[in-house]
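Some notes on the structure that comes next.
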Amino acid sequence: MISIQKIRDDKSSVAKELSKKDKSISLDNIVKSDSELRDLTKKLNDLQSEQNKQSKEIGKLKSKKSADKSVFEDLKKLSNTIKELENEQRTKSQQLRDMLLQIPNMPHKSVPIGESPIDNVISKECSSKKELKFKPKSHVDIVKDLDLIDFEIGAKISGTGFPLYKGNGALLERALINFMIDYNLKNYDYTEIFPPFLVKPGSANTTGQLPKFGEDMYHIEKDDLYLIPTAEVPLTNIHKDEILNLSDLPKYYLAYSGCFRREAGSYGKDTRGLLRVHQFNKVELVKFVHPKDSYSELESLTKQAAKILDMLDLDYRIVELCSGDLSFAASKCYDLEVWAPGEKKWLEVSSCSNFEDFQARRGNIKFRDENNKINYVHTLNGSGLATPRVLAALLETHQTKDGSISIPSSLQPYTGLAEIK
RNA sequence: GGAGGCGUGGCAGAGCGGUUGAAUGCACUGGUCUUGAAAACCAGCAAGGGUGCAAGCCCUUCGUAGGUUCGAAUCCUACCGCCUCCGCCA
């Protein structure tokens, strides 16, 4: 959520920044609604003040008899007027908040301006691309030949997009998850969390999935709970409605979770194999930091995520998203894309974003700064990493001519296997 | 799922219709004392909004949302959360 104060004080520059992301955004209704609300609030405050004053007078007398009847009649009228205005105020402030929640975050000044993925900037490409001396198979064929994943049975049980991992496929998936968790825990200062996979609407609102993108999540209507699309949602809400101490920052959390996405609107895209599925596994990294540090934290977060791809001997590149390709809540974002030689595609396996105070405002997450002033924290998150596409790239990269898979050495302690055949 | 109890400031814990934004203790911050620290003593210490150069002043908030009343932390209703007991269950 963008600060209403900021919009009020400098509407044109906020609008200008927002247009880099989405040209169709208008702040006019918000400014109008804000000014109406403030007029109303002023009026209401005066009446409340009057009411308090007179009620206290009566209190001092301690006896109803000593007060004139007409005083009570007047006060009753005043009381009713106040109630009406309070109702109006409640409605208006809710309306204003609803509008504000629809406004995306502003891109950081350093973000390249652009409209679509074409304008993204490839900031680092891993050059040591391994050339295979044979025609590489797609992971779809590999998992079938080696009996690692059964898409048909998954579809029979749950529908398309719910892969069923099997035998060494299940082992490999589990190994990847454990490797990623352990690697991050060992090398950085994360606290491991095992979060709930179902969350309340308010939690999804903090991170920005709601109110605009409810259609992308699975919703349990009976209990009004959402299946998480990423562990970012529960992790970011750990400190909802809290004021952290300066000494608490930075706070780093890591969690494995299943991730559930309806992928509404993307039917027909990447339907084959592991590239786009409704349920997948991911290790997520979330940081709560001092605002002055958030951009250096974004750099280190991105490097941390990329290191995992190094460890798995995969080729990847880091992509700096342009303004138009940034997600709703992000100020700046780097994508990690891994090379899949069978698919001959770069696959997005991580998104590392700085949300600045956008999520912190929505979730009311603050800290006491060095001057004892209360301020919003900055939040960041990054996947470290999402498994299905990593698995696809891993199988395609480490396949051999005879059809077997050689397991990268970093993963072998977790699989207990050097190869799968 | 049934019965009961409870939700007050960072924590503990008073208050149960009227100058209560809220006693007291702990924690925290500043000061006195001390070579330094501890102890002791003194002082300060909720958040949000509005207004003002500022000091300040005004409004809101005692789980959440409604209601009763001139006036609610205090009374009523619903919801949420926590605890205890019973039932069911991985």
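The chains referred to below are lettered A, B, ... by the order of the sequence lines, with proteins before strands, and numbering in each begins at 1. Only heavy atoms go into these numbers, but all of them, side chains included; no hydrogens, no water, no symmetry mates.
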ask   = Say you pick atom P in B:C16 and the same atom in B:A23; how far apart are they, in whole Å?
value = 14 Å

ask   = Expressed as a whole number of Å, how far does the P atom of B:C80 sit from that of B:A27?
value = 39 Å

Minimum-distance nucleotide to A:S55 side chain [options: B:G18, B:C59, B:A47] = B:G18

message = Rounding to an integer number of Å, can you tell me how far A:Q89 CD sits from B:G66 P?
response = 11 Å

query = Is A:R90 near enough to B:G66 that one of its side-chain N or O atoms lies under 4.0 angstrom from OP1 or OP2?
reply = yes

ask   = If you measure from the P atom in B:G21 to the same atom in B:U29, how many Å do you get, rounded?
value = 29 Å

Please tabulate the protein-to-nucleotide N/O contacts below 3.5 Å involving nucleotides 48-51 of chain B, giving atom names and distances.
residue, atom, partner, partner atom, Å
B:G48, OP1, A:K366, NZ, 3.3
B:G50, OP1, A:R8, NH1, 3.0
B:U51, OP1, A:R38, NH2, 3.0

inquiry  = Measure CD/A:E86 against C1'/B:G66 and give the value in whole Å, please.
reply    = 12 Å

remark   = Any strand, both distances under 3.5 Å, Watson-Crick or G-U wobble: B:C89 pairs with none

Who pairs with B:A40 - Watson-Crick or G-U, where each distance is under 3.5 Å = B:U32

query = NA contact type, A:D74, heavy-atom cut-off 4.0 Å: base, sugar-phosphate, or nothing?
reply = nothing

query = At under 4.0 Å between heavy atoms, what does A:Q54 touch on the DNA or RNA strands: base, sugar-phosphate, or nothing?
reply = nothing

Whole-Å distance separating the CD1 atom of A:I243 from the C1' atom of B:A47 = 6 Å

key: Residue met sooner reading RNA chain B from 5', once A:K200 and A:S79 are mapped to nucleotides   = A:S79

query = Where the side chain of A:K83 is defined as all heavy atoms beyond and including C-beta, which of B:C70, B:U69, B:C58 is the nearest nucleotide?
reply = B:U69

key: Rounded distance in Å - CD (A:Q51) to P (B:A72)   = 7 Å

